[in-house]
Amino acid sequence: MKIKDRQILLFAIICAALWYRSPILEGYIIPTFGNTMYHVGIIRKTIETMYYPLYELSYGGGFRHFYVPAYRLLIASLAITSGIDPMPLSGIMTIAIAVFIVLALYSLAYRIYDNHYVGLCAALFFVLSPELTIFTSRALPQLLGLFMVPLTLYFVIREQRLLSVLAAMVTALTHQMTLLVLALTLLAYSILQIKDRDKFLLAFVPFLAACATYGAWQLYTMQTLDILSISQVKYHEGTIVDLKLLARAGLVVIPFSIIGFIRTFLSAHVPRDCKLLMLSWFVVTLLLTKNELFGVSIFMDRFFTFWVECMVIFAGFCLFDFLRYLDKSLDKVKM
Amino acid sequence: MKKSWKNVLIVAILFVLVIAGMVQVKKQVDPWLTPVITEGELEATTWIKENTSLEDRFVADIFGGELVMGMTTRIPIVGGDWANAPNAAQNMLDAQTIYTTMSSKEAYDLCKEHNCTYVFAPLQRQIHAGYGWKDVEVTKFSNPNYFELAYENQDVRIYRVIY
């Protein structure tokens with residue numbers, strides 16, 4: 001098998017991603033910011049009792065669980081299978097899932113622009129984004145969510161109906177904020193495709209599947225569909241994304257993504273479906289990031305991470321376009 | 001422009017981009033990867049696992065509480081997910097008061113109010129119970145009428161609440 005230059009470049013980008021994350025395993029404990037050890041606690045309880053706990057250990061315990069189980073069950077099953085304690089295993093899996101996110105972004109960018117080198121450029125911007133690195137270096141359900149969103153969108157754009165429904169259902173059980181990002185993106189895309197029944201259903205069915213899955217889970221755990229009385233909503237947990245926080249997307253990422261966004265929609269080579277999907281993802285995550293403008297003020301900084309994830313794909317296209325402009329010979333590379 | 005110069009330019013542009021990006025990433029990411037928890041606190045969880053029961057409840061801050069939860073599945077009054085917690089904000093306030101008050105009686109009464117059997121008191125770091133970083137006032141826990149030292153190492157003391 002001949003190893004192609006793009007595979008070597010992708011490997012180098014993955015190595016850079018691994019290097020950033022090496023401190024996760026160097027310490028006596030995994031990084032603790034972001035309630036990471038809380039998730040380890042639920043995973044440990046699941047392993048010890050062989051049941052996913054219905055009642056919380058948090059804040060004095062004794063009340064019903066709100067969290068969705070996919071991330072915890074993934075780590076718990078791997079801990080049982082491997083015999084590794086869930087705390088260090090959470091660190092190991094953080095690194096593994098981060099690598100899968102690089103691959104998911106590479107694949108999605110490749111499919112959107114039909115060009116491997118755009119995928120490589122997007123993967124490069126992933127490792128140059130502090131925001132994405134911060135949220136993919138800690139053992140959190142959002143980490144898995146950041147993998148599930150591009151993966152589900154990849155299945156949608158490839159018209160893999162069954163896989164997109166399954167991925168949307170898994171996302172619904174991975175992380176509530178991720179679910180909101182994905183569900184609204186799918187809904188926006190299906191509305192934009194409303195004139196084409198097949199394409200409308202391609203996104204609308206996974207949207208329904210995700211909503212139904214989450215609704216069923218919440219009814220099972222909390223015995224209510226009411227989500228507005230949770231503390232995060234009541235106390236408006238979240239930080240406004242100002243210019244300082246925006247810079248965390250990556251000082252290199254931002255200018256490239258702005259130009260990449262414009263170039264994408266001006267380009268005659270990018271298929272209409274891909275443009276609409278990227279537009280849906282971009283607008284939905286932007287609106288969620290600035291939700292304080294609509295008086296919501298919840299988790300703006302967490303939705304921002306998904307916006308940045310979308311931005312790196314545009315930035316990847318811009319960088320490729322720029323390099324192609326400098327050297328037309330890149331056009332001749334066999335893709 | 002000759003092709004060799006073009007290649008040099010492309011490589012140079014990529015090099016500058018990558019270095020600039022990586023410097024920013026390292027600078028902004030490293031603080032998020034700090035453990036907060038000290039090695040002695042982690043070591044103390046072995047004692048907790050072996051010497052306390054699943055019904056025991058701990059006074060702890062967010063980081064200590066999640067450590068205790070993560071390593072032992074014991075229940076802290078602060079830490080974890082507050083989405084569905086009935087009195088999360090009050091728990092945060094009371095945990096902070098227990099750590100910061102000078103009064104042994106006030107700390108003891110709050111421990112009893114929350115049915116806490118142990119206090120997890122870090123010695124080498126500040127605590128964060130939800131309202132910012134605060135120093136731990138540890139001398140009040142030495143009052144034998146209310147608390148009894150159950151475990152200590154260089155980083156943490158664990159006090160049993162006397163009922």
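Here is the naming used below: chain letters follow the sequence lines, and residue numbers restart at 1 for every chain.
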Q.
Run A/Val127 and B/Val25 through side chain to side chain contact (heavy atoms under 4.5 Å, CB included) and show every step you take.
A. CA-CA 8 Å; A/Val127 294; B/Val25 170; over 6 Å; no

Q: Give the C-alpha distance, both sets of side-chain angles, the deciding distance and a yes or no for side chain to side chain contact (heavy atoms under 4.5 Å, CB included) between B/Met69 and A/Lys45.
A: CA-CA 9 Å; B/Met69 219 188 308; A/Lys45 187 86 178 171; over 6 Å; no

Q: Before giving the answer on side chain to side chain contact (heavy atoms under 4.5 Å, CB included), spell out for B/Trp32 and A/Phe135 the whole-Å C-alpha distance, their side-chain angles and the decisive distance to 0.1 Å.
A: CA-CA 9 Å; B/Trp32 289 85; A/Phe135 278 92; 5.6 Å; no

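The most heavy-atom pairs under 4.5 Å with chain B, out of A/Arg248, A/Glu56, A/Arg64, come from A/Arg248. With chain B as the partner, the residue from A/Gly27, A/Ala247, A/Ser231 showing the most heavy-atom pairs under 4.5 Å is A/Ser231. Ranked by heavy-atom pairs under 4.5 Å with chain B, the first of A/Phe125, A/Phe66, A/Phe322 is A/Phe66. Between chain A and the residues B/Met22, B/Glu39, B/Arg74, B/Arg57, the most heavy-atom pairs under 4.5 angstrom are made by B/Glu39. Between chain A and the residues B/Ile62, B/Leu67, B/Val68, B/Leu54, the largest count of heavy-atom pairs under 4.5 Å involves B/Leu67. Contact tally against chain A (heavy-atom pairs below 4.5 Å) for B/Ala85, B/Ala60, B/Gly21: the top residue is B/Ala85. Taking A/Ile230, A/Val252, A/Leu128, A/Leu57 one by one and counting their heavy-atom pairs under 4.5 Å with chain B, the maximum is reached by A/Leu57. The candidate from B/Asn91, B/Asn115, B/Asn87, B/Val23 with the greatest count of non-hydrogen atom pairs under 4.5 Å with chain A is B/Asn91.
A donor-acceptor pair under 3.5 Å is absent between the side-chain atoms of B/Gln24 and the main chain of A/Ser129, judged by distance alone.
Atoms CD1 and CE, from A/Ile29 and B/Met71 in turn, are 6.5 Å apart once rounded to the nearest 0.5 Å.
Looking at A/Ile227, neither its backbone nor its side chain comes within 4.5 Å of chain B, counting heavy atoms on both sides. Both the backbone and the side chain of B/Ile37 come within contact range of chain A, with heavy atoms under 4.5 Å apart. Interface remark: B/Met92 contributes side-chain atoms only to the contact with chain A (heavy atom separation under 4.5 Å). Residue A/Glu131: no heavy atom, backbone or side chain, is found under 4.5 Å from chain B.
For the pair B/Lys26 and A/Trp19, the cation-pi criterion (under 6.0 Å, within 45° of the ring axis) is fulfilled.
Proximity of B/Phe63 to A/Met37: side-chain heavy atoms (C-beta onward) are nowhere separated by under 4.5 Å. A 4.5 Å side-chain heavy-atom check between B/Leu17 and A/Leu319 finds at least one atom pair inside the cut-off. Side-chain contact between A/Tyr38 and B/Asp81 is present, with at least one heavy-atom pair separated by less than 4.5 Å. Proximity of A/Phe63 to B/Pro86: side-chain heavy atoms (C-beta onward) are separated by under 4.5 Å at one or more points. Taking 4.5 Å as the limit, every side-chain heavy atom of A/Thr221 sits out of range of all side-chain heavy atoms of B/Asn84. Residues B/Thr34 and A/Pro31 have side chains not in contact (no heavy-atom distance under 4.5 Å, counting atoms from C-beta outward). Side-chain contact between B/Val29 and A/Tyr20 is absent, with no heavy atoms from C-beta onward closer than 4.5 Å.
The nearest pair of heavy atoms linking B/Pro35 to A/Tyr28 is CG-OH, 3.8 Å. The shortest heavy-atom contact between A/Val40 and B/Gly70 is CG1-O, 3.5 Å. Heavy-atom minimum distance, A/Ile134 versus B/Gln28: CD1-O, 3.8 Å. Of all heavy-atom pairs between B/Pro31 and A/Phe33, the closest is O-CE1, 3.7 Å.
Under 3.5 Å, the side chains of A/Asn35 and B/Glu66 contain a donor-acceptor pair of N or O atoms.
The number of heavy-atom neighbours closer than 6.0 Å to OH of B/Tyr131, taken from other residues, nucleotides and ligands shown, is above 12. Atom NZ of B/Lys49 has more than 12 neighbouring heavy atoms from other residues, nucleotides or ligands inside a 6.0 Å radius. The 12-atom threshold is exceeded at OH of B/Tyr163, counting heavy atoms of other residues, nucleotides or ligands nearer than 6.0 Å.
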